[in-house]
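Read the structure below first, then the notes.
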Amino acid sequence: MNEIERIGSSSQYLATLLRRRPDYVDWLVGSKNLYRRYPLTEIYQDLQDTAEKTSSFTNLQLCFREFKQRHFLRIGGRDLLGRANLAETTSQLSDLAAVALQVGLNMLNKHPEWWFGSTRPDAWRRIREDYALVVMGLGKLGGQELNYVSDIDILFLHAGKNGGGDDPSDYLVLLNRFCQSLTRLLADKVEGDRVFEVDHRLRPLGKDGPLAPSVAAAVDHYLHRGQPWERQMLLKARPVAGDRHLGSAFIQEVRPFVFRRFLDFQALDELRDMRDKILASAVQPGRGWQQFDVKLGVGGIREIEFLVQSLQLIYGGRHPQLDESNTLNCLDRLYGLGLLPGETVQQLKEAYVFLRRVEHWVQLDQNRQTQKIPRSDEARRRLESALGFDAEEGQFIDKLEVCCRTVHQHFTALFRSSEPEAAKRATEVDGEAALLEHCPPDLLAGIQKNTGIFPEFLHKTVVDVLVKFGSTHDRAISEKVLIRLDRYFSQVRKRPGLVKVFHTASAWLPDFIGGLAQSELLADLLTHHPALVEGVATLAGRYTNARSWQETSLGLLNRHSDYEESLEWIRRLKNERLLQLAMADLQGTINHGQLENELSSLADFVITHTYRRVAESRGFDTHTPLAVLALGKLGSREMGYLSDVDLAFVYDPPRGQTEDQIPAAIISLIQRFMRMLSTPLHEGPGYEVDARLRPTGNYGPLIVTRRAWRDYYRKQADIWEIQALLRMRCVAGNLELATWIEEEAHKICYQQRAPSAVWQRLCHLRQRMERERTEERSDLVDIKLGAGGLADLEFLVQGYVLVEGGNDPLLRVGSVRRALPVVLERLAESQDLPVREGYTAFETLRSLEHRLVLCNNAAAARVQPHQFERLKAMGLWPPSQAAGTVDSWQDLLRLRRRVRRLLQNWCPDL
């Protein structure tokens, strides 16, 4: 049997075409069209060229049907003969529909007399210049996965080309007539055949809404009144004809409706209801599977599509990769993101390909829209032959049964892990008795109530944590842990969508709940913003480095052009990342040097993108001659959990502006920028901004010109201001200006200085700082500013760098942490000092500072003996990766004395 005979024997419709039109045979084989896939441009040119030769609407309809028939023979033949896979077949069919819509638009635009008679074509020609029209493909057309005999679901949208305004009623009448004519061109039966049935019912308000709403009206509908099924529908929306820029803009505007900012577990209830309706209406296979519906039946195509789309709706706001309209491609992405196991994805893909091919050949047999297995033996044999089941009777049904059973198992399991469990627990479960001795009964009852809505595994994890801290026999610790967990879970239980995060037994849960119990910083942040846990759940508790995190975060940010929405996203990402880093710290995944670098990279990201969005909102771009400078711990990349961001601002007036005057618009920009960094938003706290390290401090202008900045540091700056400049770097703004400032700062910092002048001034400043800013006593020490604290090591390093940095390039690193080993090595070479302990002391004090912040949620680095012991009891001290050990209060006091002796070699009066 040759190829043409095989095509004819597989489908009555294709056989009829081959019999009636011998020229189609020559086109297929003689011109070798059967042996190649047509690119979209060639499909378009094929139809456009033939359409241009028509002289009436009826002739155009015939032209379209001949176009469809030729390519159905080509696409079906390639499918049958194994020359094309499912992806090619559905993509080519979708291209046919898109081309038919586009060429139809072209021809009806060019010949309005064909569809409106001779009285109104001039009116259409006048009006069409002022309005744009786009045809949005929905459903399988939008997903590039069209069937042979699918409806094509489309949405017409229009907008004024000059920004909109009220639509003239005359235009709307003409527009409706135009859209109806385009529909007739494809959907009317002419000589017993149509191109595609067209369905407009998915438009806003369905059949009660306008056939072609404006983009503004459609966006308003979806954002304010959209239904859950419409979110699902818009997953596959894409422009297929007309003004594609208008269609892309529409998709961008409705994206917040489709993909919500959070992991959308709230959608689970809506999706579960939809799933239950599918289960209730699904057709069970009959005897011998006759008339089984491969789309709507149990384990059919609809169940695969629903499963995939449900996961898209839940996770798509967090994972931009899931903004994918094609089912097979999306399954691959779900696997890549770890949201579906590899075996499940493979089984679903195989089932989907098989069921879609069954659907195709059932439809193609008689060119009829059906998904049912044929009743007659003859039709069944044709179907089995087209699908390659020629060998053994019953093989096809066996394959169908296995596929449907596998699909249905995955479908029914979709929300199984999220189903609520009855909270029927005894008062005591394993270990709970140990709590009663140390925990107030009312608090214990509260936490039992708040975790009672969760599965047993989470309740047990909470109890394990409570038992762990109850075993310290410190009632204050037990109460604090109980209060933290109770406060958090009382907030979670108010948010049904968020509860779903905790309905899967995930490896990250023990660490998360343990961190919540240990840290007031985490407990306070999470209690006020409980949904931040979604960031941990998204990564399954894994730590990712700054580069990976920024790439993912940029992907999310770049999807949002709205000013306020983007700022909320920045804030959301900032606080999620802070939580992730704190958990990595507590788990010992990163040391405190890495933590400081990561926290600094996070602040850089927030500052850079906040500045960019604020500047864009004010009409400024990257060429605006304004630089944002980082100082302090941000500048040196040594940020702590609650560090302020020390910033300064330099402006370079362009030619034509007053040289020493800052424009009001620039001042307003920076004031707005600082507010948007620091003001608490819906998505949580920002950064405290400190601008006091600018030239002349609080007494000087907020922004200085380039010349004023240079003159001040060259001629007026005190040595402590040069000391601060050692840690300066640019974090946002104009790159050219930033480069100049950094080079100039380098020259100012690393010049020759008399050691006595430097040390005399720095020792005086250190003495004054200790006197005025610390309140130490025998049972209270300040590990940052007090005697032998971190400030001693900072002054030691920065003083040495100011004196020797001009001669030693290894000292020009802008960071105490990085410069300290070099300074200590140089000192060890020249002086008999106990300097080798200096770096261990620095690591220990910095680690203690970070852990105090985690424990107390306060930036003050003051500690008392009982607080130090509580750090140990809470498991916060010593850190698992600490460079040295300070096991007792006396150890801490001894370490401070050693640090003080180091600085006293230059500051003997301390």
Would you call [X] and [Y] a salt bridge, taking side-chain N to carboxylate O under 4.0 Å as the test?
X: Glu520; Y: Arg487; answer: yes
X: Asp604; Y: Arg637; answer: yes
X: Arg571; Y: Glu683; answer: no
X: Lys633; Y: Asp646; answer: no
X: Glu638; Y: Arg846; answer: no
X: Arg817; Y: Glu843; answer: yes

Taking [X] for its side chain and [Y] for its backbone only, find out whether a donor-acceptor pair lies under 3.5 Å.
X: Arg818; Y: Gly814; value: no
X: Tyr488; Y: Ala523; value: no
X: Arg572; Y: Gly684; value: no

Parallel under 30°, tilted from 30 to 60°, perpendicular over 60°: which one fits the rings of [X] and [Y]?
X: Phe673; Y: Phe649; value: perpendicular
X: Phe502; Y: Phe489; value: perpendicular
X: Trp508; Y: Phe512; value: perpendicular

Looking only at the side chains, is there a donor atom on one of [X] and [Y] sitting less than 3.5 Å from an acceptor on the other?
X: Glu568; Y: His560; answer: no
X: Ser600; Y: Asn597; answer: no
X: Glu598; Y: Tyr543; answer: yes

Check: Trp889 and Val863 side chains under 4.5 Å, non-hydrogen atoms: yes

Steps toward side-chain contact (heavy atoms from CB on, under 4.5 Å) verdict (Leu557, Leu573): CA-CA 9 Å; Leu557 273 185; Leu573 292 166; 4.2 Å; yes

Criterion side chain to side chain contact (heavy atoms under 4.5 Å, CB included) against Leu634, the qualifying member of Ile607, Leu599, Leu629: Ile607

Where at least one partner belongs to residues 799-808, residue pairs that pass side chain to side chain donor-acceptor pair (under 3.5 Å), sequence neighbours excluded: Gln752-Asn807, Asp808-Arg826

CZ (Arg773) with more than 12 external heavy atoms under 6.0 Å: no

In residues 865-873, what donor-acceptor pairs under 3.5 Å come from side-chain atoms, sequence neighbours left out?
| from | atom 1 | to | atom 2 | distance (Å) |
| --- | --- | --- | --- | --- |
| Gln867 | OE1 | Gln864 | N | 2.9 |
| Lys872 | NZ | Asp887 | O | 2.5 |

Side chains of residues 744-751: which donor-acceptor partners sit under 3.5 Å, not counting sequence neighbours?
| from | atom 1 | to | atom 2 | distance (Å) |
| --- | --- | --- | --- | --- |
| Glu744 | OE2 | Arg714 | NE | 2.8 |
| Glu744 | OE2 | Arg714 | NH2 | 2.5 |
| Gln751 | NE2 | Ile748 | O | 3.0 |

